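Here is the structure we will look at, set down as structure tokens.
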Amino acid sequence: MKRRLLLALPLVIFVIFGVFLYLGLGMNPFDRESALKARKFPDFSLPALEDPERQLSNADLEGEVTLVNVWGEWCPTCKQEMPQLLTLANSGVRLVGVDYKDTRAKGLQFLSEFGNPFEFNIFDADGSLGFDLGVYGAPETFLIDADGVVRYHHTGYIKPEDVRDTILPEVEKWRQ
């Protein structure tokens, strides 16, 4: 009897593993809640990408609703979402960039080539701010209210329909 149970054990383990794998395949990896939602944006003090002498901090994000977009020159989907970010900026949405794990020269070249929708860019060369934000990779976008509280988190590439269906309505909701 024990021998039969021992022989069936690998099959039972395989079936359990298969069920977890099947359930995991149905999950959207971009559909995750930010641990920062309804919390203040993490404290930081980092230089501006465009001006290494200028130190930026949380105070620079407060005062109006702001989309903070984490991007990098090395990120192919960041290039794809740049037209949507330019559209948002042209429609009056305040955008701030976080150049994540990049070099200053490559970040500036990226903005020169693909456009710069950002009011300013935080230069996060070592990824410390990205770590505090819980960033898995770029692009990721955080909506910050006028008091500096994270209200929405978009993981991954912003598609044109995301601008219309989600981001602009969220911005308007928190502007009021």
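Treat the numbers as computed from the prediction; the structure is a model and nothing was measured.
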[X] versus [Y]: any side-chain heavy-atom pair under 4.5 Å?
X: Gln55; Y: Pro47; value: yes
X: Ile158; Y: Ile167; value: yes
X: Leu111; Y: Leu49; value: yes

List the steps and the verdict of side-chain contact (heavy atoms from CB on, under 4.5 Å) for Cys78 and Phe110.
-> CA-CA 10 Å; Cys78 295; Phe110 176 92; 4.2 Å; yes
Identify whether [X] and [Y] are in the same connected component of the hydrophobic contact network (ILVMFWY, side-chain heavy atoms under 4.5 Å).
X: Leu108; Y: Leu86; value: yes
X: Leu95; Y: Phe142; value: no
X: Phe120; Y: Phe118; value: no
X: Ile122; Y: Met82; value: no

In residues 57-75, what donor-acceptor pairs under 3.5 Å come from side-chain atoms, sequence neighbours left out?
from  : atom 1 : to     : atom 2 : distance (Å)
Ser57 : OG     : Ala59  : N      : 3.4
Asn58 : OD1    : Phe44  : N      : 3.0
Asn58 : ND2    : Phe41  : O      : 2.9
Asn58 : ND2    : Pro42  : O      : 2.9
Asp60 : OD2    : Ser57  : N      : 2.8
Glu62 : OE2    : Lys40  : NZ     : 3.2
Thr66 : OG1    : Glu64  : O      : 2.9
Thr66 : OG1    : Arg94  : NH1    : 2.8
Asn69 : ND2    : Glu81  : OE2    : 2.9
Asn69 : ND2    : Thr141 : OG1    : 2.8
Trp71 : NE1    : Asn121 : OD1    : 3.0
Trp74 : NE1    : Tyr100 : O      : 2.9
Trp74 : NE1    : Lys101 : O      : 3.0

Least distance between heavy atoms, Lys106 atom then Asp102 atom |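 Shortest heavy-atom contact: CB-OD1, 3.6 Å.
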With sequence neighbours left out, what residues match Arg104 under side-chain hydrogen bond (donor to acceptor under 3.5 Å, both in side chains)?
->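 Scan of Arg104 (side-chain hydrogen bond (donor to acceptor under 3.5 Å, both in side chains), adjacent residues dropped) gives none.
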Got a sec, which residues hit ring pair (Phe, Tyr, Trp, His ring centres under 6.0 Å) with Tyr152, two or more places apart in sequence or on another chain?
->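 Residues passing ring pair (Phe, Tyr, Trp, His ring centres under 6.0 Å) with Tyr152: none at all.
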Distance (rounded to the nearest 0.5 Å) between [X] [atom1] and [Y] [atom2]:
X: Asp145; Y: Lys173; atom1: CG; atom2: NZ; answer: 11.5 Å
X: Leu168; Y: Ser91; atom1: CG; atom2: OG; answer: 5.0 Å
X: Leu85; Y: Gln80; atom1: CG; atom2: CD; answer: 12.0 Å
X: Phe131; Y: Asp126; atom1: CZ; atom2: CG; answer: 11.0 Å
X: Leu46; Y: Phe123; atom1: CG; atom2: CZ; answer: 9.5 Å
X: Trp174; Y: Ile144; atom1: CH2; atom2: CD1; answer: 11.5 Å

Polar side-chain atom of Asp162 near backbone of Lys159 as donor-acceptor pair, under 3.5 Å |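 The answer is yes, because a donor-acceptor pair under 3.5 Å joins these two groups.
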Would you please test Glu161 and Arg164 for salt bridge (Lys or Arg N to Asp or Glu O under 4.0 Å) and show each step?
-> CA-CA 5 Å; Glu161 58 269 19; Arg164 179 191 66 237; 5.7 Å; no
Begin from the C-alpha positions of Leu143 and Val171 and carry the test side-chain contact (heavy atoms from CB on, under 4.5 Å) through to its verdict.
-> CA-CA 7 Å; Leu143 177 65; Val171 168; 3.9 Å; yes
Which is it for Glu140 and His153 under the side-chain contact (heavy atoms from CB on, under 4.5 Å) test, yes or no, and what are the steps along the way?
-> CA-CA 7 Å; Glu140 290 195 32; His153 177 210; 2.7 Å; yes
